[in-house]
Amino acid sequence: MANADSDDPSLRPAVDVARARGADVNQGLTAEEAALRLQKNGPNSIRAAATVPVWRRALAQFGDPLVVLLLAAIVI
């Protein structure tokens, strides 16, 4: 029975992972292979996280008891 970690690419040498994926570590992918992968998998991009408006971040600060305590100390 094979160890589950042996299938984890992060635990294997980069050269072995690249070779298993059909890439040459010195030459990279051919233009044809890159175009094929782009068509099959789409662009290699990461979606940005949604931005939180400044007013919502400022309002969230008042949920912290320490901030409320400091504001009360300022008023007193």
Side-chain angles (χ1 to χ4, degrees):
M1 184 169 165
N3 186 357
D5 291 339
S6 65
D7 294 333
D8 186 353
S10 69
L11 301 175
R12 297 178 25 217
V15 174
D16 293 346
V17 175
R19 191 173 297 128
R21 304 267 192 252
D24 182 323
V25 293
N26 296 316
Q27 300 295 321
L29 296 175
T30 63
E32 294 82 18
E33 181 66 21
L36 179 66
R37 290 183 185 199
L38 179 61
Q39 182 181 10
K40 179 180 175 187
N41 302 318
N44 186 13
S45 62
I46 298 174
R47 282 180 269 155
T51 58
V52 178
V54 174
W55 66 268
R56 187 171 283 170
R57 288 186 300 202
L59 189 61
Q61 294 298 317
F62 293 103
D64 185 351
L66 181 59
V67 172
V68 174
L69 178 67
L70 290 172
L71 288 173
I74 290 171
V75 170
I76 292 174

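Every heavy atom of this structure was used, including side-chain atoms; hydrogens, water molecules and symmetry mates were not.
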If the condition is side-chain hydrogen bond (donor to acceptor under 3.5 Å, both in side chains), which residues does S10 pass it with, not counting sequence neighbours? D8

With a cut-off of 6.0 Å (strictly less than), are more than 12 heavy atoms of other residues, nucleotides or ligands near CG of D64? yes

Residues, nucleotides or ligands: over 12 heavy atoms within 6.0 Å of R56 CZ: no

Can I get a per-line list of side-chain donor-acceptor pairs under 3.5 Å for residues 19-32, giving both atom names and the distance, sequence neighbours left out?
| residue | atom | partner | partner atom | Å |
| --- | --- | --- | --- | --- |
| D24 | OD1 | N26 | N | 2.8 |
| D24 | OD1 | Q27 | N | 3.3 |
| T30 | OG1 | E33 | N | 3.1 |

The reported gap from CG in L69 to CD1 in I74 (rounded to nearest 0.5 angstrom) is 10.0 Å

